Amino acid sequence: MKKDKPRVAIQGIRASFHEEAAFKYFGENIQTIECNSFKQTFDALEANEADYVVMAIENSIAGSILPNYSLLLNYNFPVIGEIYLPIQLHLMALPGVAFEQVKYVTSHPIAIRQCVDFFDEYPHLKIVESSDTAACAKRIAEEKLTDTVAIANTLAAKLYGLDIIERRIESNKKNFTRFLILTTHENAVKQSANKASLCFQVSNQVGALAKVLNIFANQGVNMSKIQSMPVLGKRNEYNFYVDVEWEETKQYDSAVKQILKYTHNFNILGEYKRHEEETEKSLAAPAKPERKYISVKKAVK
């Protein structure tokens, strides 16, 4: 029976980027299941404690999240969709806190690295790394920290009652993360697809992978992503994770039939609708004027 309020497992806590991605895909009428790790999200789905998993798979700056590819294969839950989320990072503090009071900045290390230009302007600030952007905002609110600011998204500021004192401090305005949507085989609904995530192995011979890639090309199937991962415990053997897109289903069907001759351990991880939003417009960086950050006297050593 279909639930009115789907349970969606995410890595992290409320107001994290994973929850933001879940809202973007499902809408806000969901029950968020907070998990400490990506593996825990899959365990929640397996134990029927969640109906769906939203999982980051790659970032335009940090690249592929390799351990998550292994989860896809090990648990074998079908991918039913994807979402691309622009990563916008804001500086936030308790209401009434002035920037002059701030001594510490806390966030996830990847978020911190994405804001290096901002921190170059204020070298006196001490960086404190944490496991989750939203958790940093929550800590400031719960502990009433007046000397600390967090880097997180607008959801975190709203949920934990913080003021955004500087918006969009990320250095690269074209930063985005791709998330996959997974569910159980029982919950998966047959849909009209134009994208698929595949995994396979090829023999360790000259041209073995090229044969497969040429089949995609000859059938007019676009390969939008390829990622290799070593097969655990086997020398010179690799799993190839491939995302492909097509205009007509017969192109994809014909390509799959042909590549089965040249691959082994072939798995269809999911067939789904590709994300169609015009991300280029929303992510495009404006003409780069000289950036002016918060006006404050810098500490003198």
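Just so we're clear, the structure is a prediction, and the values are computed from it rather than from any experiment.
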Other residues, nucleotides, ligands: >12 heavy atoms within 6.0 Å of Glu143 CD
yes

Can you confirm whether Lys273 sits close enough to Lys195 that some side-chain heavy atom of one is under 4.5 Å from a side-chain heavy atom of the other?
no

Under 3.5 Å, is there a donor-acceptor pair between the Ser203 and Tyr262 side chains?
no

Under 3.5 Å, is there a donor-acceptor pair between the Asp243 and Ser197 side chains?
yes

d(Asp120 CG, Cys115 SG) to nearest 0.5 Å is 11.0 Å

Working note: Ile181 + Val79, criterion side-chain contact (heavy atoms from CB on, under 4.5 Å); need CA distance, chi angles, decisive distance, verdict.
CA-CA 6 Å; Ile181 316 300; Val79 180; 6.0 Å; no

Distance-only polar pair, side chains of Ser16 and Asp132, donor-acceptor under 3.5 Å:
no

Should Phe17 and Thr177 count as side-chain neighbours, where that means a heavy-atom distance under 4.5 Å?
no

Are side-chain heavy atoms of His90 and Thr154 found at a separation under 4.5 Å?
yes

Between Gln114 and Asn175: side-chain donor-acceptor atoms closer than 3.5 Å:
yes

Under a 3.5 Å distance rule, please check whether Asn214 uses its side chain to pair with a backbone N or O of Ala210 as donor and acceptor.
yes

Please find the pair of heavy atoms, one from Val202 and one from Leu209, that lie closest to each other, and give the distance.
CG2-N, 4.2 Å

Determine whether Arg14 and Tyr160 satisfy the following criterion, side-chain contact (heavy atoms from CB on, under 4.5 Å), listing intermediate values before the conclusion.
CA-CA 10 Å; Arg14 294 284 314 280; Tyr160 301 116; 4.0 Å; yes

Would you kindly say whether Lys225 and Ser64 are connected by a side-chain donor-acceptor distance under 3.5 Å?
yes

Could you tell me whether Asp51 and Arg7 make a salt bridge, using a distance below 4.0 angstrom between a side-chain N and a carboxylate O?
yes

What do the steps show when you test Tyr241 against Met229 for side-chain contact (heavy atoms from CB on, under 4.5 Å), and what is the final call?
CA-CA 8 Å; Tyr241 296 85; Met229 289 277 289; 3.8 Å; yes

Is it the case that Asn153 and Glu20 place a side-chain donor and acceptor less than 3.5 Å from each other?
yes

When you compare the side chain of Ile165 with that of Val149, does any pair of heavy atoms fall below 4.5 Å?
yes

Could you pull out the closest heavy-atom pair between Ala21 and Leu85, with the gap in Å?
N-CD2, 4.0 Å

I'd like to know if the side chain of Glu245 pairs up with that of Tyr252 as donor and acceptor (distance under 3.5 Å, no hydrogens or angles considered).
no

Please report the interatomic distance CG(Leu232) to CG(Leu73), rounded to the nearest 0.5 Å.
11.5 Å

Determine whether Thr32 and Glu19 satisfy the following criterion, side chain to side chain donor-acceptor pair (under 3.5 Å), listing intermediate values before the conclusion.
CA-CA 7 Å; Thr32 301; Glu19 187 179 55; 2.7 Å; yes

Checking the side chain of Ser107 only, and the main-chain atoms of Ile151 only, is there a donor and an acceptor separated by less than 3.5 Å?
yes

Tyr52 pairs by side-chain contact (heavy atoms from CB on, under 4.5 Å) with which of Ile30, Leu45, Ile80?
Ile80

Looking at Phe118 versus Tyr122, is the centre-to-centre ring distance below 6.0 Å?
yes

At their closest point, which heavy atom of Phe216 faces which heavy atom of Ala255, and how far apart are they?
CD2-CB, 4.0 Å

Could you tell me if the side chain of Gln201 sits less than 4.5 Å from the side chain of Tyr238, heavy atoms only?
no

Find the distance between CZ (Arg113) and CD1 (Ile110) and round it off to the nearest 0.5 Å.
5.5 Å

Taking CD in Glu237 as the centre, count heavy atoms belonging to other residues, nucleotides or ligands within less than 6.0 Å. Is the count above 12?
yes

Check step by step if side chain to side chain donor-acceptor pair (under 3.5 Å) holds for Asp43 and Tyr75.
CA-CA 9 Å; Asp43 289 339; Tyr75 282 82; 2.6 Å; yes

For Phe179 and His18, take the angle between the two ring planes, folded into 0 to 90°, and tell me which bin it lands in: parallel under 30, tilted 30 to 60, perpendicular over 60.
perpendicular

NZ/NE/NH1/NH2 to OD/OE distance under 4.0 Å, Asp253 and Lys257
no

Side chains of Arg139 and Leu145: closer than 4.5 Å at any heavy-atom pair?
yes

In terms of hydrophobic clusters joined by side-chain contacts under 4.5 Å, are Phe77 and Leu72 together?
yes

First locate atom CG of Asn68, then atom NZ of Lys39, and finally report the distance between them rounded to the nearest 0.5 Å.
12.5 Å

When you compare the side chain of Asn194 with that of Glu276, does any pair of heavy atoms fall below 4.5 Å?
yes

Which pair of heavy atoms, one from Glu129 and one from Ile112, lies closest together, and at what distance?
CG-CD1, 3.9 Å

Closest approach of Ala196 to Trp246 (non-hydrogen atoms, all atoms of both residues)
N-CZ3, 3.5 Å

Short side-chain to backbone donor-acceptor contact, Gln101 and Ala98, under 3.5 Å:
yes

Evaluate the side-chain proximity of Tyr104 to Asp147: yes if any heavy-atom separation is below 4.5 Å, no if none is.
yes

Side chains of Gln219 and Ser254: donor-acceptor distance under 3.5 Å anywhere?
yes

Supply the atom-to-atom distance Thr148 OG1 to Leu94 CG, rounded to the nearest 0.5 angstrom.
9.0 Å

For the pair Phe23 and Val8, evaluate side-chain contact (heavy atoms from CB on, under 4.5 Å) and give the outcome as yes or no after the intermediate values.
CA-CA 10 Å; Phe23 286 160; Val8 183; over 6 Å; no

Please check this pair: side chain of Thr263 against backbone of Phe266, looking for a donor-acceptor N/O pair closer than 3.5 Å.
no

Looking only at heavy atoms, which two atoms of Leu89 and Glu170 are closest? And how far apart?
N-OE1, 3.0 Å

Under a 4.5 Å side-chain heavy-atom rule over Ile, Leu, Val, Met, Phe, Trp and Tyr, are Leu260 and Leu269 clustered together?
no

Do the side chain of Asn172 and the main chain of Lys174 share a donor and acceptor less than 3.5 angstrom apart?
yes

Would a single hydrophobic cluster contain both Tyr69 and Val231, if residues Ile, Leu, Val, Met, Phe, Trp and Tyr are joined by side-chain heavy-atom contacts under 4.5 Å?
no

Do Ile226 and Ile65 belong to the same hydrophobic cluster, where Ile, Leu, Val, Met, Phe, Trp and Tyr are linked whenever their side-chain heavy atoms lie under 4.5 Å apart, directly or via other members?
no

Would you say Ile215 and Leu198 are hydrophobically clustered, going by side-chain heavy atoms of ILVMFWY under 4.5 Å?
yes

Checking the side chain of Ser60 only, and the main-chain atoms of Phe176 only, is there a donor and an acceptor separated by less than 3.5 Å?
yes

Do NZ/NE/NH1/NH2 and the carboxylate oxygens of Glu82 and Arg178 come within less than 4.0 Å?
yes

Can you tell me how far the CD atom of Glu121 sits from the CD1 atom of Ile169, to the nearest 0.5 Å?
12.0 Å

